[in-house]
Amino acid sequence: MAKKDSLKENYRQLLDWYQYRAEENAGSLKKLEKLLSKLDRNVQASDDYEKDIDDLESLKIIYEVAIRNFESQVDKYRILLENN
C-alpha cells in the first residue's frame, strides 16, 4: 500500500508542477500579447528591432505550444490520480 500512496503523491506533485507551469506561461503569454498589440509595426526601425519583434512573435508560438503541452500533462496526471 505504501508504494501506491507514494506513487499517488508523486502524481500529485507532478500535476501541481504542470498546472503551475501552464498558469505561469499563460500569464506570460497574456503580457506578451498585450505588448505585441501595442507595438506599431509600421515604423522604420533598425534590423535589430525587427529581429526582436520576430523573436517575440516566435516566443508567442512557443508559449502557446508549451501551454498546450502542460495542459496535456495536467490531464494525464489527473486521470492517473483518479485511476490509482
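All of these numbers come straight from a predicted model, not from anything done at the bench.
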Hydrophobic cluster membership, Tyr63 vs Val65, 4.5 Å side-chain cutoff: no

NZ-OG distance between Lys51 and Ser58, expressed to the nearest 0.5 angstrom: 9.0 Å

Residues which pass side chain to side chain donor-acceptor pair (under 3.5 Å) with Glu50, listed by chain and number, not counting sequence neighbours: none

Co-membership, hydrophobic cluster, residues Val43 and Leu35, 4.5 Å side-chain: yes

Nearest-0.5 Å distance, CG of residue Asp16 to OH of residue Tyr11: 15.0 Å

Check: Lys60 side chain, Leu32 main-chain N or O, donor-acceptor pair, under 3.5 Å: no

Shortest non-hydrogen contact from Asn25 toward Ala66: ND2-CB, 3.4 Å

Pairs flagged by salt bridge (Lys or Arg N to Asp or Glu O under 4.0 Å) wherever residues 27-47 is involved - sequence neighbours left out: Arg41-Glu57

Under-4.0 Å salt bridge between Arg12 and Glu9: yes

Side-chain donor-acceptor contact under 3.5 Å, Glu23 with Gln19: no

Point-to-point distance, once rounded to the nearest 0.5 Å, from CG of Leu59 to CG of Leu36: 9.0 Å

Ser72 side chain vs Arg68 backbone, donor-acceptor pair below 3.5 Å: no

Transitive ILVMFWY side-chain link Trp17 to Ile67, under 4.5 Å: no

Interatomic spacing from CG in Leu56 to CD1 in Ile61 - rounded to 0.5 Å: 11.5 Å

Review item, side-chain donor-acceptor pairs of residues 73-83, under 3.5 Å, at least two apart:
{"from": "Gln73", "atom 1": "OE1", "to": "Lys76", "atom 2": "NZ", "distance (Å)": "3.3"}
{"from": "Gln73", "atom 1": "NE2", "to": "Tyr18", "atom 2": "OH", "distance (Å)": "3.4"}
{"from": "Asn83", "atom 1": "ND2", "to": "Ile79", "atom 2": "O", "distance (Å)": "3.2"}

